[in-house]
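Data first, discussion second: the structure below is written as structure tokens.
What you see is a predicted model, and the numbers here were worked out from it, not measured in a lab.
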Amino acid sequence: MDVLATAFDLFMHVDRHLVEFAATYGIWVYALLFLIIFLETGVVVTPFLPGDSLLFATGALAAAGVLDVVTVLALLSAAAVLGDNMNYAIGRAIGPRVFTEDSRFLKREHLLRTQRFYEKHGGKTVVLARFMPIVRTFAPFVAGVGRMRYPRFLAFDVGGGLLWVWSFGLLGYFFGNHPVVKENFGLVIVAVIVISLVPMVVEAWRARNARSRSAA
């Protein structure tokens, strides 16, 4: 329970903890931010790390003069792109090995179906996944498993990464230090997460309607 309480406190007050870290360790806060974004996008077992909320808080701290806005957003853009690329490479490397006809759950037909999906919808998926918590951690891995063509993946990955980092970072930069936002930072973070889930809900709703029309 103590671990959960600590994690919840870090999530709801990420801005406060970043200020404390910056005050204690100075420039090393940039390395910490890079590492968190890199791991959140690059390792399938760390989808619990903050993404949207961290970018928003980073922008707010940059507006307060704690961080340099251009430096930190450029650095986190690099972390997001590099993380996705590592995740893609891992998926591409292990996909053919774990998806076999003998496997009970990871059958080769599932791999072929994933490949067909990413050939048709991969670009849109890679970009939209950036704005969906948890999903963005798995999307590049699945793209690698599905062997989405790398030049195509890289183009959408870079575009989506820049759009994600700079949009949330600049939102925090321009609005994060507003008195109402600062006093209710935890609620704002929850709202950011909920808004981030909207594209996934919309896509699920559209897919369900499409299946219903096909069945009819």
Practice problem: Scan residues 36-49 for pairs that pass salt bridge (charged side-chain N to carboxylate O under 4.0 Å, His left out), counting only residues two or more places apart or in two chains. | Solution: Glu40-Arg136
Anything under 3.5 Å between a donor and an acceptor, one on a side chain of residues 138-145, the other on a protein residue two or more places apart or in another chain? List them.
none

side-chain hydrogen bond (donor to acceptor under 3.5 Å, both in side chains) partners of [X], counting only residues at least two apart:
{"X": "Tyr25", "answer": "none"}
{"X": "Asp84", "answer": "Arg130"}
{"X": "Thr71", "answer": "Asp68"}

Mind checking side-chain contact (heavy atoms from CB on, under 4.5 Å) for [X] and listing every partner two or more places apart, or none if nothing turns up?
{"X": "Val29", "value": "Leu18, Phe21, Ala22, Leu33, Leu67"}
{"X": "Val158", "value": "Val81, Leu154, Leu162"}
{"X": "Leu163", "value": "Phe131"}
{"X": "Ile36", "value": "Leu32, Leu49, Pro50, Leu54"}

Practice problem: Please test Phe168 against Leu76 for side chain to side chain contact (heavy atoms under 4.5 Å, CB included), starting from the C-alpha separation and ending with a verdict. | Solution: CA-CA 11 Å; Phe168 276 99; Leu76 297 188; over 6 Å; no
Quiz item: Is any side-chain heavy atom of Met86 less than 4.5 Å from a side-chain heavy atom of Leu82?
Solution: no
Quiz item: Among all residues two or more places apart in sequence or in another chain, which pass the ring pair (Phe, Tyr, Trp, His ring centres under 6.0 Å) test with Tyr88?
Solution: Tyr150, Phe153
